[in-house]
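Index from 1, following the sequence. Note that ligands are numbered from 1 as they come in the structure, with each ligand's atoms numbered from 1 the same way.
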Amino acid sequence: MKLDHDLINQLTLKEKAALVSGKDSWYTATIERLGLKPMMMSDGPSGLRKQVGTSEQTNINDSVEAVCFPASALTACSFDRERLNQLGEHLGVAAKAEKLGVLLGPGINLKRSPLAGRNFEYFSEDPYLVGELAAAYVKGVQSEGAGVSVKHFAANNREDQRFTSSSNIDERTLRELYLATFEKIVKQADPATIMCSYNEINGTLNSQNQRLLTKILRDEWGFKGLVMSDWGAVADHTAAVKAGLDLEMPGKGTESVDEIVAAVEDGSLPKKDLDRAVNRVLKMIKNWQPDDADQSGSYDMDEQHEFARKLATDSFVLLKNEHHVLPVNEGEKLAVIGELAEKPRYQGSGSSHVNAHHLVTPLAAINQVRPDATYVAGYSLATDDVNSTAVAEAVSAAKFADKVIIFAGYPERMESEGFDKTSIDLPANQNQLIDAVSQVNDQVIVVLQNGSAIRTPWIDKVAATLETYLAGEAVGEATWDVLSGNVNPSGKLAETFPLRLEDTPSYLTFDADPDEENYREGLFMGYRYYDKKKQPVQFPFGFGLSYTTFKYDDLQLKVGADHVSGSLRVTNTGSRSGAEAVQIYVGNRTSRIEKPVKTLVNFVKVSLAAGEEKVVTFDLDQRAFSWYNPKIANWQLDNGAYEILVGSSSADIRLNKMIELNWTPERPIKVDQRTYIGDLIKQDKFAEAVKQAGLSDIFSKLADDNDPTAKMFQNMPLRAATTMGVSPEKINELIEIMNN
Ligand code: BGC
């Protein structure tokens with residue numbers, strides 16, 4: 001990037017040092033003499049948390065009124081790029097009106113364990129889904145003139161000891177999973193800033209990680225924006241600036257300034273490194289500082305509320321619906337049970353917390369249209385303890401109802417930024433209540449409010465379950481929209497719901513050690529693990545029901561010069577309109593490497609009227625077929641067979657076809673002492689080569705796959721052919737012939 005020499009030359013060392021540290025929690029430094037005004041940034045991913053009053057204020061809930069949109073755990077279930085783009089636009093409009101330069105979001109870390117405290121703020125266990133949705137969101141925000149800070153870079157997958165723990169990950173897993181989301185956004189959406197996370201990767205603190213912040217992010221991916229630290233992530237500011245961090249947030253006041261001034265003066269921080277960071281700060285301010293002349297200052301929050309409602313209804317996931325118990329019908333007598341109906345969990349806690357514009361609770365929304373519905377709290381969110389009087393009241397209300405709607409979920413005390421969970425069970429009083437009520441009524445509908453995957457031990461006893469995650473301030477209206485059938489649900493799970501915590505791929509290692517977080521499951525995370533292990537789950541990745549049904553047929557594939565294009569027909573075979581998220585997976589049937597059965601490589605959300613059919617098209621680029629090979633430090637694409645699988649979920653594959661790719665120039669195999677005899681036998685020139693070397697007698701016997709001795713020798717490298725009586729000279733001769 002070119003330096004803005006004019007401006008930089010006018011700055012004193014002290015002013016430069018001030019610019020690379022935040023003025024306080026939310027503003028960049030002010031250089032009055034040069035007319036450089038402070039630029040404000042604010043959380044967060046699901047609505048603005050613009051802090052009011054002084055910036056020293058510590059109450060994180062004390063922010064301006066803003067619309068609280070659904071959390072990313074829910075919006076990801078929409079599988080809908082367009083909706084996420086619209087969400088971004090709304091956030092951008094709000095940010096501009098509130099005179100914010102940069103919005104601190106989206107959070108795009110992967111859900112490696114269902115215990116991770118911040119899963120509600122993240123999208124998915126699958127990097128493709130995260131990358132696509134978050135890129136659409138980022139483009140939306142930035143199209144309105146506000147910048148984003150994509151966070152938390154990278155491998156920040158747990159909350160406990162998040163400031164110091166080291167995420168220990170092998171290179172292939174890092175590239176294919178944990179960095180892939182950031183890579184896509186950098187390349188597709190050009191985010192204004194990236195926020196580096198607290199943790200270490202393989203022993204290096206991310207805020208001081210030159211490989212991460214400079215080599216990978218800038219040199220490899222071409223990132224042009226600014227890197228800021230997560231709040232308090234900088235341990236050694238000088239080391240951080242050298243590594244490629246541009247802005248420490250929040251600044252530590254004069255201490256930050258003095259530290260940088262001293263480092264430049266004593267030579268430990270090269271001036272050019274400081275200038276580079278200063279330049280990026282100046283560029284961020286220039287590009288994203290709101291215009292003072294723009295006096296609009298207000299935006300239509302009611303319209304945004306309606307969008308929040310739509311986004312939620314388009315994302316809710318119908319997990320079970322036996323005998324069409326949902327939607328509820330006119331005239332049915334309803335019992336509404338569960339304190340969450342009255343005090344819903346509709347957003348996460350921590351830095352993403354929004355001072356909601358207009359909360360509508362499920363109870364209020366239901367009461368408005370069904371004033372005769374009875375309501376019983378049934379449990380208290382404040383405790384796990386069963387209250388038998390409350391349960392008895394719920395049971396008696398359930399006895400006299402046609403249908404029972406139980407609201408259940410994690411109370412806020414169980415789930416937040418800043419700490420991890422220890423269980424994926426609902427509090428005992430909720431599970432017990434569901435059991436008791438389902439004994440007296442067989443039309444029980446459970447509505448879940450939670451930030452991440454939950455265990456549902458009562459699932460066989462209830463008639464229906466609707467997953468609403470943290471649905472935002474329109475939670476009540478949105479929930480009723482789907483329960484009543486005004487909206488047909490079309491969300492699909494963006495994470496697997498395991499049967500038990502013990503079944504999860506990182507169960508043995510997650511949070512096991514305060515210092516070291518070992519990603520021993522490697523690539524086999526989320527459905528990649530359950531698929532390969534054939535491990536039964538409660539609800540698979542990509543799963544979600546509808547009030548209608550869809551048929552898939554006529555999969556067509558065309559292999560082009562550098563991409564594969566495909567199409568299929570989707571028909572709405574039911575009696576009401578609906579939308580379906582069609583998922584495209586690729587299975588590598590070629591490379592001899594560790595590999596999942598399949599990975600998500602595209603998805604298309606399609607809306608269909610009853611009886612309507614549409615042809616859905618998709619494109620698969622080279623990355624869809626590539627794997628990261630650490631030995632060549634690059635992506636590798638192997639020629640050979642690949643399976644394209646089209647599913648309604650990762651476990652419900654409706655169509656599949658094999659294709660053959662021949663995109664990579666053949667690399668002649670280089671034979672050496674380590675080459676395996678079994679591999680050599682498969683080479684066309686082998687028979688001729690052994691003849692020339694006078695070794696036909698020995699080697700021709702080894703091709704018989706029914707002979708165990710032959711098979712044993714196939715599994716030996718050439719150098720071990722001495723054990724068959726071949727001299728080292730002859731082995732060298734054979735190598736020579738094969739390589740020429
Ligand atoms: C969080 C960030 C957030 C920042 C500012 C940190 O604790 O990890 O996500 O943007 O605070 O509120």
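- Judged by the 6.0 Å distance and 45° axis criteria, R112 is not positioned over the aromatic ring of Y122.
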Check ligand 1 for close polar pairs with the protein: N or O on both sides, less than 3.5 Å.
residue: ligand 1; atom: 7 (O); partner: Y198; partner atom: OH; Å: 3.0
residue: ligand 1; atom: 7 (O); partner: E417; partner atom: OE2; Å: 3.0
residue: ligand 1; atom: 8 (O); partner: R118; partner atom: NH1; Å: 2.8
residue: ligand 1; atom: 8 (O); partner: R162; partner atom: NH1; Å: 3.3
residue: ligand 1; atom: 8 (O); partner: D230; partner atom: OD1; Å: 3.2
residue: ligand 1; atom: 8 (O); partner: D230; partner atom: OD2; Å: 2.7
residue: ligand 1; atom: 8 (O); partner: E417; partner atom: OE2; Å: 3.4
residue: ligand 1; atom: 9 (O); partner: R118; partner atom: NH2; Å: 2.6
residue: ligand 1; atom: 9 (O); partner: K151; partner atom: NZ; Å: 2.9
residue: ligand 1; atom: 9 (O); partner: H152; partner atom: NE2; Å: 2.7
residue: ligand 1; atom: 10 (O); partner: D43; partner atom: OD1; Å: 2.6
residue: ligand 1; atom: 10 (O); partner: K151; partner atom: NZ; Å: 3.0
residue: ligand 1; atom: 12 (O); partner: D43; partner atom: OD2; Å: 2.4
residue: ligand 1; atom: 12 (O); partner: R49; partner atom: NH2; Å: 3.0

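- Between W26 and W231, the two ring planes are tilted [angle within 30° to 60°].
- Using modelled atom types and a 3.5 Å distance limit, the side chains of R118 and S351 yield a donor-acceptor pair.
- Taking F182 as the reference, F153 meet the ring-ring contact (aromatic ring centres under 6.0 Å, His included) condition, with sequence neighbours excluded.
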For a quick test of your reading: what N or O donor-acceptor pairs under 3.5 Å do the side chains of residues 84-91 make, sequence neighbours left out?
residue: N85; atom: ND2; partner: A136; partner atom: O; Å: 2.8
residue: Q86; atom: OE1; partner: R83; partner atom: NH1; Å: 2.9

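- Residue pairs meeting the ring-ring contact (aromatic ring centres under 6.0 Å, His included) criterion with at least one partner in residues 156-179, sequence neighbours excluded, are F163-Y198, Y178-Y519.
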